[in-house]
2 protein chains.
Amino acid sequence: MTENLPKVRAPSIRDVARLAGVSHQTVSRVLNNHPSIRESTKARVLQVMADLQYRPNRAARALSRGRSRTIGILSAQSSEYGPASSIAAIQDAAREAGYYVNTANLDTVDQESIEAALMHLMLQAVEGIVVIAPQVRVFDVLEQLSITVPFVSLQSTGHLDDHALSVDQIAGARLATRHLIDLGHRRIYHLAGPQDWIEAEARMRGFLDEMGAMDVPTTAPILGDWTADFGYHAGRELFGRRDFTAIFSSNDQMALGLMHAARDAGLDIPGDISIVGFDDIPEAAHFWPPLTTVRQDFGELGRRCIALLLSNLPGSEPIADREPIMPRLIVRESTAPPAF
Amino acid sequence: MTENLPKVRAPSIRDVARLAGVSHQTVSRVLNNHPSIRESTKARVLQVMADLQYRPNRAARALSRGRSRTIGILSAQSSEYGPASSIAAIQDAAREAGYYVNTANLDTVDQESIEAALMHLMLQAVEGIVVIAPQVRVFDVLEQLSITVPFVSLQSTGHLDDHALSVDQIAGARLATRHLIDLGHRRIYHLAGPQDWIEAEARMRGFLDEMGAMDVPTTAPILGDWTADFGYHAGRELFGRRDFTAIFSSNDQMALGLMHAARDAGLDIPGDISIVGFDDIPEAAHFWPPLTTVRQDFGELGRRCIALLLSNLPGSEPIADREPIMPRLIVRESTAPPAF
DNA sequence: TGTTCACATGTGCACGGTCACAAATGTGAA
DNA sequence: TTCACATTTGTGACCGTGCACATGTGAACA
């Protein structure tokens, strides 16, 4: 006589209900903190839950409520410090708010790949999407697929106000630029990020704004790809010309590449050339020379991002705190007055 | 007469069935590629699905099958390059295999925080867990909570064979150590990672093994925390002594901190001291000097990791390919024969 | 004593799939 | 023609939770 294995099904609210001598609905009410439950009943139910090691079944919940409590992150270059920190911060904030996070990485940013990643998120029934990627293209695809979930992008250029978080990248870039100008530099290059990243655009804008405001003539920014390798190659070319005394790089990695190229060219930093980065990755303080850069508070960024996204969900009030987060200039040893 | 809003419920399997003139079960069969479905029927159903933009509801599926198709990642220091790359690789591999990934970050690695993160994952009904964190402690907690999901750790020390992926960290560390010995170094320090990270332990083991095998006397490794800051402070102390000619650091960030401290101490690298790192982060080639290090293939790592995890799920065959992934030594300019 | 009302709890079904089993249809050999 | 059997399709229950609605209970009040 082959005995059936006592299939260990996880306890459900009905199991709890039976043992507590109440109906399953009462258990459900306890779970959801319904106001009108007698204290004694609630205590009894909670006790049984603890005894049974009861865990609510998320799938069942999602099914009956029609809400998944999951948000999606669409991310590119997610192993770099900036994106990685943002992702971590967002996940923490989401967990705090009782949400789950699913990340879809983009290896390439072509249409097809973006579509695939978005599909993955939609199949998962995400309630909202955070975009950490070349946002312009992603938005195009979102529109094409007529996807209707609320979404949030991490940075602001000013004209996407509904969806954008006001981390003041522009102000950060102005800070960096102003620092160089104040030191006496007048011929300053900007090594920008990819044009379709909103962060890159904002930092470039900040650079141009500040140069304009201070009446310093500018040259066209160089468009990079965020990597140290690009910074290095751009540097090799730039340092052949030497028609400038400072460079503002839109992230720390490219700044590192630039410094490498400067050494190859026999130039001293900051003696011959000043360099400013952006992000303040943890390694920046240990570069040679330690890098002057702009620090962002990624933790705060993540919290705000989730707050904004949740406020866009149906049935929520608009968010209160939309003050921009201000980045901070961290002065180290890669900047100095120009040699004349 | 207020007309009810035509509540836009997503089309279900039954909607498809009605329009295709079949039963809902037939639609389900089409979805799951059941073998005995007439081609013509299948085509018709697929057509209707396309017309309706039908998307299967994941929650319903999870509920009725009792399987969530989700795996969890438990990660610490997830914005550093190593963990971040692993996470990205695992997510890609999981998506490839039709799985969803949920990441829980650990800010601190105390009992409480690990429990909270594991709870988050369990509530989500993950089918398996990948641990990228101080694994020793996590395993303790897993046991305490009597959690029964299969789990996989990213690296192997050899004695955790069921759950561990054979990335040969030990061999990588031996490669690095051997390189220093071959250059003629005899007094070599090891700056290790935190003791409860299995990667750290494996790299230390590799170092000690190789030193032993080559009959070179060793000193006790220094236990660090993976950060460049720690490398810097350790370096300040070490370079006061100078009773050595080379250091093998168990990751690139700490190596960077060491190089920073060396410059502060007026030492030339590699003239006075040789340094080897581990990971080959993209910035390592642009350090000053460019760092000799050990490269791991994170993409392959992620794929294997998922393959191993899925093979541990009930109803799967044991995995075929358990050959260890071999890391590669990348020789740059931070190592040279010792000065005598 | 009956009426009203707030509070506390119970009943039954819906959510969108899958599963076990039954039924219908087709196919070929006796 | 009939039976055996494989192929294809349908029926109804079920997974665990939340919702709408019904019901029971006791206090306050006329």
Side-chain angles (χ1 to χ4, degrees), chain A residues 4 7-46 48-49 52-70 98 100 122-125 127 315, chain B residues 4 7-46 48-49 52-70 98 100 122-125 127 315:
Chain A
N4 280 1
K7 228 190 218 171
V8 269
R9 203 173 42 77
S12 80
I13 66 173
R14 288 169 213 265
D15 299 324
V16 175
R18 193 162 5 87
L19 287 184
V22 296
S23 76
H24 70 103
Q25 179 57 22
T26 299
V27 178
S28 171
R29 289 199 178 96
V30 171
L31 270 179
N32 295 287
N33 278 316
H34 189 96
S36 57
I37 287 276
R38 194 172 322 207
E39 269 311 317
S40 60
T41 315
K42 183 170 178 177
R44 191 149 34 94
V45 170
L46 286 174
V48 175
M49 282 182 178
L52 253 47
Q53 295 218 52
Y54 167 79
R55 306 244 166 69
N57 179 319
R58 199 164 90 83
R61 239 180 198 185
L63 178 58
S64 89
R65 278 208 282 226
R67 297 193 42 188
S68 65
R69 290 231 138 211
T70 297
Y100 298 86
M122 294 314 293
L123 277 178
Q124 148 102 318
E127 293 180 31
Chain B
N4 280 1
K7 227 190 218 172
V8 270
R9 204 174 39 78
S12 80
I13 190 179
R14 289 165 216 263
D15 299 323
V16 175
R18 193 163 4 89
L19 287 184
V22 296
S23 76
H24 66 105
Q25 178 58 23
T26 300
V27 177
S28 170
R29 291 199 177 95
V30 171
L31 270 179
N32 295 287
N33 279 317
H34 189 96
S36 56
I37 287 276
R38 196 173 320 212
E39 269 310 317
S40 60
T41 315
K42 182 170 178 176
R44 193 149 32 94
V45 170
L46 287 174
V48 176
M49 282 183 178
L52 252 47
Q53 296 218 51
Y54 167 79
R55 306 241 168 69
N57 179 318
R58 199 164 89 83
R61 217 174 227 194
L63 178 59
S64 81
R65 278 211 279 230
R67 296 193 45 189
S68 65
R69 290 231 136 210
T70 298
Y100 298 86
M122 294 314 294
L123 277 178
Q124 147 103 319
E127 292 181 29

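Below, chain A is the first sequence line, B the second, and so on; all start at residue 1.
Counting only distance, with no hydrogens or angles, the side chain of B:Asn32 and the backbone of B:Arg29 share no donor-acceptor pair below 3.5 Å.
Spacing between atom NZ of B:Lys42 and atom C1' of D:dT8 amounts to 14 Å, rounded to whole angstrom units. In this structure, A:Arg67 atom CZ and D:dT17 atom P are separated by 18 Å, rounded to whole Å. Atom CZ of B:Arg38 is separated from atom C1' of C:dT25 by 8 Å (rounded to the nearest Å). Distance B:Arg18 CZ to D:dG10 C1': 16 Å, rounded to the nearest Å. Atom NE2 of A:His34 is separated from atom P of C:dA6 by 14 Å (rounded to the nearest Å). Residue A:Ile37 contributes atom CD1, which lies 19 Å from atom P of C:dA6 at whole-angstrom precision.
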Can you give me the N/O atom pairs linking the protein to nucleotides 14-19 of chain C at distances under 3.5 Å, or say none if there are none?
unit_1 : atom_1 : unit_2  : atom_2 : d
C:dG16 : OP2    : B:Arg9  : NH1    : 3.3
C:dG17 : OP1    : B:Tyr54 : OH     : 2.9
C:dG17 : OP1    : B:Asn57 : N      : 3.2
C:dG17 : OP2    : B:Ile13 : N      : 2.8
C:dG17 : O5'    : B:Tyr54 : OH     : 3.1
C:dG17 : N7     : B:Arg14 : NH2    : 2.9
C:dG17 : O6     : B:Arg14 : NH2    : 2.7
C:dT18 : OP1    : B:Asn32 : OD1    : 3.3
C:dT18 : OP1    : B:Asn32 : ND2    : 3.1
C:dT18 : OP1    : B:Arg61 : NE     : 3.1
C:dT18 : OP2    : B:Ser28 : OG     : 2.5
C:dT18 : OP2    : B:Asn32 : ND2    : 3.3
C:dT18 : O4'    : B:Ser64 : OG     : 2.7
C:dC19 : N4     : B:Gln25 : OE1    : 2.5

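For the pair A:Arg58 and B:Leu123, the minimum side-chain heavy-atom distance is 4.5 Å or more. B:Leu52 is listed as a side-chain neighbour of B:Val48, based on a closest heavy-atom distance under 4.5 Å. Two residues are said to be in side-chain contact when any heavy atoms from C-beta on lie closer than 4.5 Å; A:Ile13 and A:Tyr54 meet this criterion.
Partners of B:Arg67 under the salt bridge (Lys or Arg N to Asp or Glu O under 4.0 Å) rule, at least two apart in sequence or in another chain, are B:Glu127. Under the side-chain contact (heavy atoms from CB on, under 4.5 Å) criterion, B:Ala125 pairs with B:Ser68, sequence neighbours left out. By the side-chain contact (heavy atoms from CB on, under 4.5 Å) test, B:Ala59 pairs with A:Ala62, A:Leu63, B:Asn57, sequence neighbours left out.
Taking the C1' atoms of five terminal pairs at each end of the helix from C:dT1-D:dA30 to C:dA30-D:dT1, the two resulting helix axes are inclined by 50°, rounded to 10°.
Listed pair A:Ser36 / C:dT9 fails the phosphate criterion, with no side-chain N or O lying under 4.0 Å from OP1 or OP2.
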Atom pairs and distances, side-chain donor-acceptor, residues 36-46 of chain B, under 3.5 Å, sequence neighbours left out:
unit_1  : atom_1 : unit_2  : atom_2 : d
B:Ser36 : OG     : B:His34 : NE2    : 3.3
B:Arg44 : NH1    : B:Ala20 : O      : 2.5

